[in-house]
Amino acid sequence: MIDNDPTPTGDDERNEVEMTMRLLRLAGQPTVPADERLVRVRTRVHAHWDAGVRRRLARRRAALWTGMLAAAAVLVMIVSRIDDGSAPTPAPAAAAWVAMISGPPGDTRRVESSGRVLPLAVDGALHDGDTIETGAAGRVAMRFADGTSMRLDSSSRGRLAGMRAVDLSSGAVYVDTGGAAGLEIRTPFGIARDIGTQFEVRLVAARVRLRVRTGAVELSDRRRTVTGHAGTEILFSATEAESRPFAPFGPEWQWTAEVAAPIDIEGLPLSTYLERLAREQGWSVQYADSSLARDARGIILHGSVAGLAPADALDVAIGTSGLRYLLENGRLVVTRETSR
C-alpha cells in the first residue's frame, strides 16, 4: 500500500538531526547556532527531504497507472476473444424446406447467394436468396411454412426471394397453396400471383405460360393484368395475352405427381385419401349415393401405397374396401360392388 502522507516519521527526524549536527561541525562553530540560523538549516533540510519523498511518490503512482493500463488492455483482449467465440452470427430463418427429390444423384443442387454450390437433401432448409437448379432428369418438391407446396420441373432454375416469392429464370414450377394465398412466381415476362389455388408457370421461348388447375391466378406486367381461372391456359408475352381452355388433368400434369410426397394411408379414412389423391391428379370425386359417401368416411385404411403409381394405389385402396370405381374424363365415381 502506498502512503500518501509526507509527514516525517521518527527515523526521518533522527536523520534530520544528525545531518544538522554534521553541517554545524563543518561550519566550525563550537557552540549551538542561533535560533534563526537553526531554523534556516532545518527548513532547507526539510525541503530536501520533502522533494525526495514527492519524487518517490510520483514514481510509484506512475508505476501503478502503468500496471492498471496494462491490466485493462489484457482484459479488453480477453473480452474481445470471448465475444468472438461465444456470440456466433445466428443462422437465417428458413424460407422453405426440401420435401422430395427425384432423378439421378447430382441432378439437383442449391446455389447460395454467396455462390457456394451444395447438394440438396430431403428436409434440408432453403433460405432467402438460394437458387434451386435441376438437370435434365431432376425434379424437386419444396414446402413452405404455411403448407404451400412448390415443385420444380426438370431443366429449371428458381431463386427464393423471401418466403412468399420465387424468381423463375428457366423451366417450370407447379404450386399448390392448399388454400393459402399470396405466393408470387416472377418471370422475365410477367408475375403470377395466386389466389388460393393450384397452377403451373412455365417459360416457353419468349413468353410465360400459365395453366390454372383450381382457383384463380393473376398474371401481370407493367402494362396489363389478366386473370386465369380454373381450367384455363394463358400464353403471355410482351405483345399478347392469349387465354384458352385447358383440362386440369391428364399427362401434361403427370410430372407434378411424380415429385409429390406419397400419401400415408395408415389410419386414414378412405374419403380423405380419395380427396387428396384427386387433388394431386386434378380429378373430381363423386359417390353413387349419399349413404356411400357417409360409409367412405368410416372406412379406415391400413398399410402403405408408397412406390405405387396413382392408378395402382387407387386399385388397392378401393379394392380392399369392398367398393368399385370408374375413372373417366377426370371424374372418379365410387360405387358399391354389385352382387353376383
Side-chain angles (χ1 to χ4, degrees), residues 89-101 108-116 118 120-134 139-153 156-203 207-230 232-234 236 241 248 253 255-256 259-261 276 279-280:
T89 302
W97 294 265
V98 177
M100 190 172 178
I101 303 170
T108 59
R109 64 180 190 169
R110 172 167 69 102
V111 183
E112 293 182 331
S113 55
S114 63
R116 186 171 63 156
L118 299 171
L120 290 175
V122 174
D123 293 330
L126 303 172
H127 301 99
D128 180 20
D130 284 354
T131 297
I132 312 304
E133 297 179 345
T134 60
R139 293 189 176 109
V140 179
M142 293 161 274
R143 67 179 186 277
F144 291 78
D146 63 358
T148 294
S149 171
M150 189 183 77
R151 302 162 203 179
L152 201 64
D153 197 8
S156 298
R157 191 172 191 269
R159 175 183 172 275
L160 298 180
M163 298 185 182
R164 300 304 303 160
V166 175
D167 296 327
L168 181 67
S169 55
S170 63
V173 295
Y174 173 77
V175 177
D176 184 347
T177 61
L183 184 66
E184 290 185 350
I185 305 298
R186 304 170 181 170
T187 77
F189 311 105
I191 299 174
R193 297 181 179 89
D194 81 273
I195 311 174
T197 185
Q198 295 171 291
F199 63 99
E200 179 200 68
V201 176
R202 184 178 295 272
L203 294 172
R207 57 187 178 178
V208 58
R209 187 186 72 193
L210 169 67
R211 288 176 174 172
V212 184
R213 202 172 211 177
T214 62
V217 180
E218 289 183 350
L219 188 58
S220 63
D221 59 14
R222 296 180 179 179
R223 298 182 296 108
R224 346 149 256 174
T225 297
V226 296
T227 302
H229 296 278
T232 61
E233 175 186 78
I234 297 177
F236 195 84
W253 298 94
W255 77 265
T256 68
V259 74
R276 293 183 182 178
R279 183 176 181 85
E280 284 292 345

Worksheet item: Do R110 and V98 touch side chain to side chain, with heavy atoms closer than 4.5 Å?
Response: no
Worksheet item: Should R164 and D146 count as an ion pair when the cut-off is N to O under 4.0 Å?
Response: yes
Worksheet item: Taking only residues two or more places apart in sequence or in another chain, which ones pass salt bridge (Lys or Arg N to Asp or Glu O under 4.0 Å) with R186?
Response: D167, E184
Worksheet item: For the side chain of R157 and the backbone of S170, is there at least one donor-acceptor N/O pair under 3.5 Å apart?
Response: no
Discussion item. Between F144 and V175, does the side chain to side chain contact (heavy atoms under 4.5 Å, CB included) criterion hold? Intermediate values first, please.
Written reply: CA-CA 11 Å; F144 291 78; V175 177; over 6 Å; no
Discussion item. So which atom in F199 and which in L210 form the shortest heavy-atom distance, rounded to 0.1 Å?
Written reply: CD1-CD1, 3.7 Å
Worksheet entry | Minimum heavy-atom distance A192-V217, with the two atoms named | CB-CG1, 4.0 Å
Fill in: Salt-bridge present (D123, R143; N to O < 4.0 Å)
yes
Discussion item. Quick check: closest heavy atoms across M100 and A260, and the distance to 0.1 Å?
Written reply: SD-O, 3.0 Å
Worksheet item: Please walk me through it: do D176 and R279 pass side chain to side chain contact (heavy atoms under 4.5 Å, CB included)?
Response: CA-CA 9 Å; D176 184 347; R279 183 176 181 85; 2.6 Å; yes
Discussion item. As an exercise, state the distance from OG1 of T187 to CG of L203, rounded to the nearest 0.5 Å.
Written reply: 5.5 Å
Worksheet item: If you draw a 6.0 Å radius around CZ in R224, do more than 12 non-hydrogen atoms from other residues or ligands fall strictly inside?
Response: yes
Worksheet, complete the sentence: Distance col, row I195:CD1 vs T227:OG1, nearest 0.5 angstrom, shows 6.0 Å
Worksheet item: Can you name the one residue among Q198, R211, E200, R202 that meets side chain to side chain donor-acceptor pair (under 3.5 Å) with Y174?
Response: Q198
Practice prompt. Please report the closest heavy-atom contact between A125 and W97, naming both atoms and the distance.
Written response: CA-CD1, 3.9 Å
Worksheet item: So, are R207 and E233 salt-bridged, with charged N and O less than 4.0 Å apart?
Response: no
Practice prompt. May I ask you to decide if S220's main-chain N or O and T225's side chain share a donor-acceptor pair within less than 3.5 Å?
Written response: no
Discussion item. Between D194 (side chain only) and L183 (backbone N and O only), is there a donor and an acceptor less than 3.5 Å apart?
Written reply: yes
Fill in: Steps toward side chain to side chain contact (heavy atoms under 4.5 Å, CB included) verdict (R139, T134)
CA-CA 6 Å; R139 293 189 176 109; T134 60; 5.6 Å; no
Discussion item. I need the minimum non-hydrogen distance between D128 and G162, along with the two atoms involved.
Written reply: OD1-N, 2.7 Å
Worksheet entry | Carboxylate-amine/guanidinium proximity below 4.0 Å for D130 and R159 | no
Fill in: Check ion pair E133-R109 (N to O, under 4.0 angstrom)
yes
Item to complete: Decide yes or no on side chain to side chain contact (heavy atoms under 4.5 Å, CB included) for L126 and L120, but give the supporting numbers first.
Response: CA-CA 9 Å; L126 303 172; L120 290 175; 4.0 Å; yes
Response to the item:
Nearest heavy-atom approach of L219 to V208 is CD2-CG1, 4.2 Å
